[in-house]
Enquirer: 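Just passing along the structure, written as structure tokens.
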Amino acid sequence: MPNTEAGEEPPTPRLSPISDAAAAYRLVYGRVDALIRGRAEVAELTVPACPAWTIRQAVAHLAGLAQDIVSLNMENKGADSWTQAQVDRLDGHGIDELLDLWGQVIDPVTTMLALAPQGSACQLVFDALTHEHDIRGALSEPGSRTGDLTFEVALGFSTTMADQFIRQAGLPALQLITPTIGSVQLGDPHSTRGQVALNISDFEALRAQGGRRSIRQLLALPWHGDPTNLLPAFTHLLSAFTNHGIRPPNNDLLE
């Protein structure tokens, strides 16, 4: 992204093309498959970012979500009950079986993305990438934290949703800067509530906007300005991600 000229406002965020979302989704699947296939011994490790789930259950969600997209089971999309039904439905399958089930619907899912709303396609990547790093955190095996299409698509979605929420809620504007998306303007820079700026890594932006950082961790980010009144953009994104909004963990998540 080109540098913003002095005095010129940064551009607002934008969603990636659906073709990019489909390619990014395949990338995430390939990385998760390479990370855990053949590692049955890690199946029941707890996922710190999703402490109610094991690694196996996190993969069951990813596979079950893909199945629901193909079968058009989207009536309760995003609800906790819908997500839990995916995990329950695939209970009893091992990691390799779940990866196989997910892989079997990759082609149909990416085909259907061509017919989906642009935001829904990008949201799928945001969810998959978030859970990839949840699983990596459970294994203490970080990787792929910046500079690829998956972050471009995922952060394009999360910043677009945050921009809408900040404007609708009348929160202070945020100039967010990351290596992949450059500098983007979230909210109305002329708002009487003020403006803050934040320059962080792609990975930290993903985790902060994905409900993986505690309030203490959010406040400790390298803000320029006081972020206190902006925190709802990171903690209560309403229906942008789930029917019940983002819920930051009570305890710090160290990754």
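As the structure is a prediction and not an experimental result, all values here were calculated from the model.
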Enquirer: Could you work out, with side-chain contact (heavy atoms from CB on, under 4.5 Å) as the rule, every residue matching Asp226, not counting sequence neighbours?
Expert: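 For Asp226, the residues satisfying side-chain contact (heavy atoms from CB on, under 4.5 Å) (neighbours in sequence not counted) are Thr228.
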Enquirer: Is the shortest heavy-atom distance from the side chain of Arg216 to the side chain of Leu219 under 4.5 Å?
Expert: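 Side chain of Arg216 against side chain of Leu219, heavy atoms only: no contact under 4.5 Å found.
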Enquirer: Could you grab the distance from atom CG of Asp33 to atom CD of Glu132, nearest 0.5 Å is fine?
Expert: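 Asp33 atom CG to Glu132 atom CD measures 11.5 Å (nearest 0.5 Å).
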Enquirer: Taking atom CG of Leu101 and atom NE2 of His93, what is their separation to the nearest 0.5 Å?
Expert: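 One gets 5.5 Å once the value is rounded to the nearest 0.5 Å.
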Enquirer: With side chains defined as the heavy atoms from C-beta onward, is the minimum distance between Val59 and Leu90 less than 4.5 Å?
Expert: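 Contact flag for Val59/Leu90 side chains = no.
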Enquirer: Tell me the closest heavy-atom pair linking Arg136 and Ser144, and the distance in Å.
Expert: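 Minimum heavy-atom separation between Arg136 and Ser144: NH2-OG, 4.2 Å.
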Enquirer: Please find the pair of heavy atoms, one from Ile18 and one from Ala116, that lie closest to each other, and give the distance.
Expert: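 So the two residues come closest at CD1-O, 3.2 Å.
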Enquirer: Compare every heavy atom of Gly147 with every heavy atom of Asp202, then report the nearest pair and how far apart it is.
Expert: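 Shortest heavy-atom separation between Asp202 and Gly147 comes out as OD2-N, 3.6 Å.
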Enquirer: Would you say the side chain of Ile181 lies within less than 4.5 Å of the side chain of Pro13, judging by non-hydrogen atoms?
Expert: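 Sidechains of Ile181 and Pro13: no contact.
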Enquirer: Quick one: pull up OG1 in Thr111 and CD1 in Ile106 and give me the separation to the nearest 0.5 Å.
Expert: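 If I round to the nearest 0.5 Å, the distance is 11.0 Å.
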Enquirer: To the nearest 0.5 Å, tell me how far Asp252 CG sits from Ile215 CD1.
Expert: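 The distance works out to 10.5 Å.
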Enquirer: Which pairs with one or both residues in residues 11-25 pass side-chain hydrogen bond (donor to acceptor under 3.5 Å, both in side chains), sequence neighbours excluded?
Expert: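 Every pair satisfying side-chain hydrogen bond (donor to acceptor under 3.5 Å, both in side chains) with a residue in residues 11-25: Tyr25-Trp102.
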Enquirer: Locate the shortest heavy-atom distance separating Pro172 from Ile166; write the atom from each residue and the value.
Expert: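 For Pro172 versus Ile166, the nearest heavy atoms are O-CG2, 3.5 Å.
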Enquirer: Looking at Arg39 and Glu141, is any side-chain nitrogen of the basic one under 4.0 Å from a carboxylate oxygen of the acidic one?
Expert: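 A salt bridge is present here (some side-chain N lies under 4.0 Å from a carboxylate O).
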Enquirer: Indicate whether any N or O donor in one side chain lies under 3.5 Å from an N or O acceptor in the other, for Arg207 and Gln217.
Expert: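 No - no donor-acceptor pair under 3.5 Å links their side chains.
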Enquirer: Between Gln67 and Gln86, is there a side-chain donor-acceptor contact under 3.5 Å, judged purely by atom types and distance?
Expert: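 There is no such pair (donor and acceptor under 3.5 Å, judged by atom type) between the side chains of Gln86 and Gln67.
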Enquirer: Mind checking the OG-CG spacing from Ser158 to Leu15? Nearest 0.5 Å is all I need.
Expert: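 Ser158 OG to Leu15 CG: 10.0 Å, rounded to 0.5 Å.
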Enquirer: Any side-chain heavy-atom pair from Leu124 and Ile69 closer than 4.5 angstrom?
Expert: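 In contact.
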Enquirer: To the closest 0.5 Å, what do you measure between CD (Glu41) and CD1 (Ile55)?
Expert: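 Here the interatomic distance stands at 9.5 Å.
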Enquirer: Shortest non-hydrogen contact from Pro232 to Leu171?
Expert: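 So the minimum-distance heavy-atom pair works out to CB-CD1, 4.1 Å.
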Enquirer: How far apart are the closest heavy atoms of Ala208 and Leu218, and which atoms are they?
Expert: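 Looking at all heavy atoms of both residues, the closest pair is CB-CD2, 3.8 Å.
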Enquirer: If you define the side chain from C-beta out and look only at heavy atoms, does anything of Leu155 sit under 4.5 Å from Leu176?
Expert: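 The answer is no, as the side chains (C-beta and beyond) never meet within the 4.5 Å cut-off.
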Enquirer: What residues form a ring pair (Phe, Tyr, Trp, His ring centres under 6.0 Å) with His131, not counting sequence neighbours?
Expert: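 Ring pair (Phe, Tyr, Trp, His ring centres under 6.0 Å) check on His131 returns Trp53, His61.
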Enquirer: So, Glu204 and Arg213, do they make that salt bridge, N to O below 4.0 Å?
Expert: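 Salt bridge between Glu204 and Arg213, a charged N being under 4.0 Å from a carboxylate O: yes.
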Enquirer: Between Arg26 and Thr110, does any side-chain donor sit less than 3.5 Å from a side-chain acceptor?
Expert: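 Arg26 vs Thr110: donor-acceptor pair found between side chains.
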